[in-house]
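Okay, structure first, notes after.
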2 protein chains.
Amino acid sequence: MPADQTPDPSGGDKISFRDVKAEIRRRIERRIWGPGDLVPGEIDLAEDFGCARATVNRAMRELTEEGLLERKRKAGTRVRAMPLRQARFEIPLVRAEITAMGAAYHYALLSTQTVPAPDWLRDRLGLRAGARALHLRCLHSADGRPYQFEDRWINLQALPQAETADFALQGPNEWLVQAVPYSEVEISFLAAAATVDVAAALGIEPGEPTFTAERTTWWQSRAITHVRLSFARGYRMTTRY
Amino acid sequence: MPADQTPDPSGGDKISFRDVKAEIRRRIERRIWGPGDLVPGEIDLAEDFGCARATVNRAMRELTEEGLLERKRKAGTRVRAMPLRQARFEIPLVRAEITAMGAAYHYALLSTQTVPAPDWLRDRLGLRAGARALHLRCLHSADGRPYQFEDRWINLQALPQAETADFALQGPNEWLVQAVPYSEVEISFLAAAATVDVAAALGIEPGEPTFTAERTTWWQSRAITHVRLSFARGYRMTTRY
DNA sequence: CTGTTTCATATGTATAGACCTAAGCAGAAT
DNA sequence: ATTCTGCTTAGGTCTATACATATGAAACAG
């Protein structure tokens, strides 16, 4: 995780929790406190740094959150023997992703269909037999070139208003965000061979490796939607930390 | 992000920042505070909830961190119109990943070679012409089945001790973690067609879609290592939030 | 009408003090 | 030796208070 973005308030005289974080980081990087070592308690550090315990506490709490420290009551705080490598990916809406690249965003609805949910979908979303689902296929383009193919299923039991919504102009993702405020999500990434229709939509060869994301969304324990996103050739999901 | 893991301290009488978080979450989910709305100030909320401002502050700070709120001084706090979808992936060592599945971990070093860094690598790591690099190829297996093929390059200028290290028993990843404490990382995920040697190592067909991670690591602005990890057929990287 | 200054205000953070709680440890009881 | 019991300790959190800082908005100047 990058350093905090607030500018260095080094003019100030009081010690900030940021200063404490930075100093602890430094001591870990320089191996002054080696992996697995027990670090001094909050009270001692507060005294060393000339600040309140709460300040040290916040610094250490955040460093723990970032994977550098391990804390346990009574046992004290230790430098993680093996720093937790964690990456955070922002999952923007396609529109935002494309316009952020400075490209023109274009959306097209390829097909809509209300059908009985297939078995694998019923299984995935926990629907009863015979449940109906809305099946959408869309294409998102950047500067006229296919960027992402969206294959979406919406649970009509949970979201009946989806059946009458118009997805010709607004993508289902954007419609859903305004229809369902906040939700539990399971997302996975995988490499898949392009199926015939994915290949046709993206303008690639069937069987080509395709970076794919699958996302299932629940709201208050009810499955709302399942989507499979297939990205154009050469797509990379990148982050720094 | 999942709810905090600490057990509900509902026996307590004082209001916890967790309670405040949960209640604010509820109000957002139930649309009591709709997207884009300005929410009451910390002082008002503290009064409402019957707790100190610091408690409300922590609750709102964390919700902001989690992408549900937007805060600006003087302007106040708003519900994010479009909640920031962010996923955090833990990048465990392969060993941990495999043993966590309950499978037996096995590591094999396929080849080691000290060579002049190829152009693409020099470019990637910012090395000068003629710089030497250590090139390793390894296979990580789960219950005897290939799981991940590792194609790693180590900058010998930055880490000369790598040349004499023994990677026959310990994987380069684990060696590096103990050699370089904490580092800046760029990681990307992509779908690639298996090259001949990747396919041979993983026991798949050349050209098969392969989930691939590429990671470059710096320490104090010096490039340390670049690695390309190719995962076995069917691999998925999954998370919930 | 536009650029500048001032002011009020919401958030951001530091502090001292208090109490809670998990958990390591030691000594007692079995 | 093993289990139980309490003491002690380090972190976890809340409170009340104070000051810092960014910034929207209003007052003001050109």
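In what follows, every heavy atom counts, from backbone to side chain, and hydrogens, waters and symmetry copies are set aside. So that the names make sense, note that chain A is the first sequence line, chain B the second, and so on, each numbered from 1.
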Select one nucleotide: of [options], the one nearest the side-chain heavy atoms of [X].
X	options	result
A:S16	D:dT13, C:dA16, C:dT13	C:dT13
B:R73	D:dG11, D:dT21, D:dC14	D:dT21
A:A75	D:dG24, C:dG24, C:dT15	C:dG24
A:K74	D:dT15, D:dT13, D:dT8	D:dT8
A:M60	C:dA14, D:dG11, C:dT11	D:dG11

Separation of atom [atom1] in [X] from atom [atom2] in [N], rounded to whole Å:
X	N	atom1	atom2	value
A:R61	D:dA10	CZ	P	20 Å
B:I43	D:dA16	CD1	P	13 Å
A:K14	C:dA16	NZ	P	9 Å
B:I15	D:dA16	CD1	C1'	16 Å
B:R18	C:dT21	CZ	P	13 Å
A:E42	C:dC20	CD	P	18 Å
B:N57	C:dT15	CG	P	16 Å
B:F17	C:dC20	CZ	P	18 Å

Exercise. Between the side-chain atoms of B:R53 and the base atoms of D:dT17, is any donor-acceptor pair under 3.5 Å?
Worked result: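 Donor-acceptor pair under 3.5 Å: no.
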Problem set entry | Residues B:E214 and B:R124 bridged, charged N to O under 4.0 Å |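 A salt bridge is absent here (no side-chain N lies under 4.0 Å from a carboxylate O).
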For this session: Could you tell me whether B:I43 atom CD1 has more than 12 heavy atoms of other residues or ligands within 6.0 Å of it?
Result: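 Count not over threshold, so no.
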Would you please confirm or rule out a distance under 4.0 Å between OP1 or OP2 of [N] and any side-chain N or O of [X]?
X	N	value
A:K72	D:dG12	no
A:T77	D:dA10	no
B:T55	D:dT15	yes
B:R71	C:dG12	yes

For this session: Take the angle between the ring planes of B:F211 and B:Y235 and call it parallel below 30°, perpendicular above 60°, tilted in between.
Result: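 Rings of B:F211 and B:Y235: tilted, as their planes differ by 30° to 60°.
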For this session: Would you please test A:E65 and A:K21 for salt bridge (Lys or Arg N to Asp or Glu O under 4.0 Å) and show each step?
Result: CA-CA 12 Å; A:E65 173 76 10; A:K21 270 179 80 169; over 6 Å; no
For this session: Would you check, one step at a time, whether the test salt bridge (Lys or Arg N to Asp or Glu O under 4.0 Å) holds for A:R26 with A:E23?
Result: CA-CA 5 Å; A:R26 200 187 62 83; A:E23 175 58 18; 3.2 Å; yes
